[in-house]
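FYI, the numbering just counts along the sequence from 1.
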Amino acid sequence: MELFDETLDINATENYELSIQAGPDGFSFSILDTLRNKIVMIRSFDPDDTKYFNAENIRDFISRDDFLTRTYKKVRLLTTSPKFTLVPSALYDPAKKDEYFTFNHRKEKDEVILANKIKDPDAFLIYSVKSSLFDVLKEFYPGIYPLSHLYTIFCHTSHARKETNPNYIHVHIERDYFNLIIFGHYELKLCNTFSYRNISDIMYFVLNAFNKLEIKQNETIYLSGLAEKYDDLSSNLAIYIKNVRFSEVWGNFTFSYVFNDIEKHRYINLFSVFNCE
């Protein structure tokens, strides 16, 4: 998929900001024109249904794309991974980040453990990235520390919760897993990743969380990622949960008119990261 504004100028990238999301289930990037304060381009690639991207695929995408080898005003890198853990800032020791990770996950030989500081909640997000992917990103974008896709989700929920009641429920769908984040009375009650094979799995985990946390069915649930309006997931959730909405991208920027017909919540990480610091 590719969309771009007619004002896009490959020779003006010093005035642009670039966001990239890379992982085994997809590769995409977007460009923000800081002079016009407008997102002017998106390009994305998805693997075949039974395949995944590896580091060499990512290297090929970057090296062959004229825009990705240019100099930008700022570059932000996002990686996707279902494996993460949260550690309160007051308890965090950077020398122990690998140890913290192994409290919940087994570290594989081909993984590197990274950490992002998040503001709301006040914690460190510790997650894994394939070493080969990490090396490719460092090769093309030296000195830029990658961010977890969940870093951007938390950035988004921090803003979105200011406009809602004390409770906030967010479901972000990736290809084989989804993230469920629940705030209750302004405190984080649940943040977890669940693997799924079909819509029934997602329904089970979400409704089970509602039951365990005694969340009323008249609450609002926000969807992002690989969810679409009127698809099976949103339609089935609407049977049990009164208000099912799709997350809206926020930020002090606008979108080119060429984005009018796409569901922006699908690329919420790629767009929202422009306002996450």
Side-chain angles (χ1 to χ4, degrees), residues 17-21 28-34 36-40 42 73-80 84 86-89 115-127 145-174 178-193 206 209 213 215 219-229 234 237 241 243-256 259-260 262-277:
E17 293 185 5
L18 172 70
S19 69
I20 297 173
Q21 179 166 294
S28 56
F29 70 91
S30 184
I31 293 175
L32 171 68
D33 180 341
T34 61
R36 296 177 175 84
N37 214 27
K38 179 187 296 185
I39 294 181
V40 293
I42 184 174
K73 186 175 182 179
K74 188 167 186 176
V75 177
R76 298 171 177 87
L77 301 176
L78 292 167
T79 61
T80 55
F84 76 94
L86 287 171
V87 177
S89 294
N116 299 149
K117 174 67 175 69
I118 56 176
K119 296 179 181 179
D120 184 16
D122 183 16
F124 279 84
L125 174 62
I126 304 169
Y127 62 103
Y145 196 84
L147 300 170
S148 165
H149 79 281
L150 265 175
Y151 172 92
T152 318
I153 295 297
F154 273 116
C155 181
H156 172 81
T157 60
S158 180
H159 172 81
R161 284 166 46 226
K162 296 175 183 178
E163 302 177 356
T164 63
N165 60 34
N167 302 322
Y168 185 86
I169 302 107
H170 191 111
V171 175
H172 179 76
I173 310 292
E174 292 289 343
F178 71 96
N179 305 116
L180 176 59
I181 298 175
I182 298 176
F183 284 88
H185 299 287
Y186 302 106
E187 293 184 353
L188 182 64
K189 298 297 185 180
L190 175 68
C191 178
N192 205 352
T193 297
V206 171
L213 296 176
I215 299 173
E219 291 286 355
T220 300
I221 187 169
Y222 293 88
L223 304 179
S224 64
L226 302 181
E228 298 179 3
K229 294 179 181 178
S234 59
L237 283 174
I241 301 170
N243 300 305
V244 179
R245 298 182 183 177
F246 291 86
S247 296
E248 296 184 5
V249 177
W250 66 274
N252 58 356
F253 52 77
T254 61
F255 286 89
S256 166
F259 289 82
N260 288 348
I262 72 165
E263 296 184 297
K264 298 181 185 67
H265 65 267
R266 181 184 177 97
Y267 304 98
I268 194 167
N269 298 323
L270 204 60
F271 299 143
S272 295
V273 74
F274 286 121
N275 274 150
C276 292
E277 300 295 345

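- Side-chain contact check for Asn116 versus Phe154: every heavy-atom pair is 4.5 Å or farther apart.
- Phe253 and Trp250 make their closest contact through CZ-O, 3.7 Å (heavy atoms, listed as atom of the first residue, atom of the second, distance).
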(message) Would Asn37 and Thr254 count as a side-chain contact (heavy atoms from CB on, under 4.5 Å) here? Give the steps.
(response) CA-CA 6 Å; Asn37 214 27; Thr254 61; 5.7 Å; no

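- Counting heavy atoms of neighbouring residues, nucleotides and ligands inside a 6.0 Å radius, atom CD of Glu263 exceeds 12 of them.
- Nearest heavy atoms, Thr220 versus Ile169: O-CD1, 3.5 Å.
- When all heavy atoms are compared, the tightest approach of Phe274 to Glu17 is CE2-O, 3.6 Å.
- Atoms OG and CG, on Ser30 and Leu78 in that order, are 11.0 Å from each other to the nearest 0.5 Å.
- Considering only heavy atoms from C-beta on, His172 comes within 4.5 Å of Ile268 through its side chain.
- Side-chain contact check for Asp122 and Ser89: at least one donor-acceptor pair (N or O, by modelled atom type) lies under 3.5 Å.
- Atom OG in Ser28 sits 7.0 Å away from atom OH in Tyr267 (nearest 0.5 Å).
- Note: Arg76 CZ to Ser272 OG = 11.5 Å, rounded to the nearest 0.5 Å.
- Just one residue in the list Phe183, Tyr168, Phe246 forms a ring-ring contact (aromatic ring centres under 6.0 Å, His included) with Tyr222, and that residue is Tyr168.
- Taken from CG in Leu147 to CD1 in Ile20, the straight-line distance is 12.0 Å, to the nearest 0.5 Å.
- If you check the side chains of Ser247 and His265, you find no donor sitting under 3.5 Å from an acceptor.
- Between His149 and Asn179, some side-chain heavy-atom pair lies under the 4.5 Å cut-off.
- Between Leu150 and Ile181 the shortest side-chain heavy-atom distance falls below 4.5 Å.
- Here the CZ-CD1 distance, from Phe29 to Ile42, works out to 9.0 Å after rounding to the nearest 0.5 Å.
- Surrounding NZ of Lys119 are at most 12 heavy atoms belonging to other residues, nucleotides or ligands under 6.0 Å away.
- Checking His159 against Asn275 by side-chain atom types alone, no donor-acceptor pair falls below 3.5 Å.
- Of all heavy-atom pairs spanning Asp120 and Arg161, the tightest one is OD2-NH1, 2.6 Å.
- The two atoms that bring Leu270 and Gln21 nearest to each other are CD1-N, 3.7 Å, heavy atoms only.
- At a threshold of 4.5 Å between non-hydrogen side-chain atoms, the residues Phe178 and Leu226 do not count as touching.
- Taking the six-membered ring for Trp and the full ring otherwise, the centers of Tyr151 and Tyr127 sit at least 6.0 Å from each other.
- Not one N or O on the side chain of Ser158 forms a donor-acceptor pair closer than 3.5 Å with the backbone of Cys155.
- Proximity of Phe259 to Phe271: side-chain heavy atoms (C-beta onward) are separated by under 4.5 Å at one or more points.
- Looking only at side-chain heavy atoms (C-beta outward), Leu86 and Ile118 come within less than 4.5 Å of each other.
- Heavy-atom minimum distance, Ala209 versus Ile215: O-CD1, 4.4 Å.
- Residues Leu180 and Leu190 meet the side-chain proximity criterion, which asks for heavy atoms closer than 4.5 Å.
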(message) Could you go through Ile173 and Leu223, starting from their C-alpha distance and side-chain angles, then the distance that decides it, and tell me whether this counts as side-chain contact (heavy atoms from CB on, under 4.5 Å)?
(response) CA-CA 8 Å; Ile173 310 292; Leu223 304 179; 5.6 Å; no

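- Separation of atoms CZ (Arg245) and NE2 (His170) is listed at 14.0 Å; rounding is to 0.5 Å.
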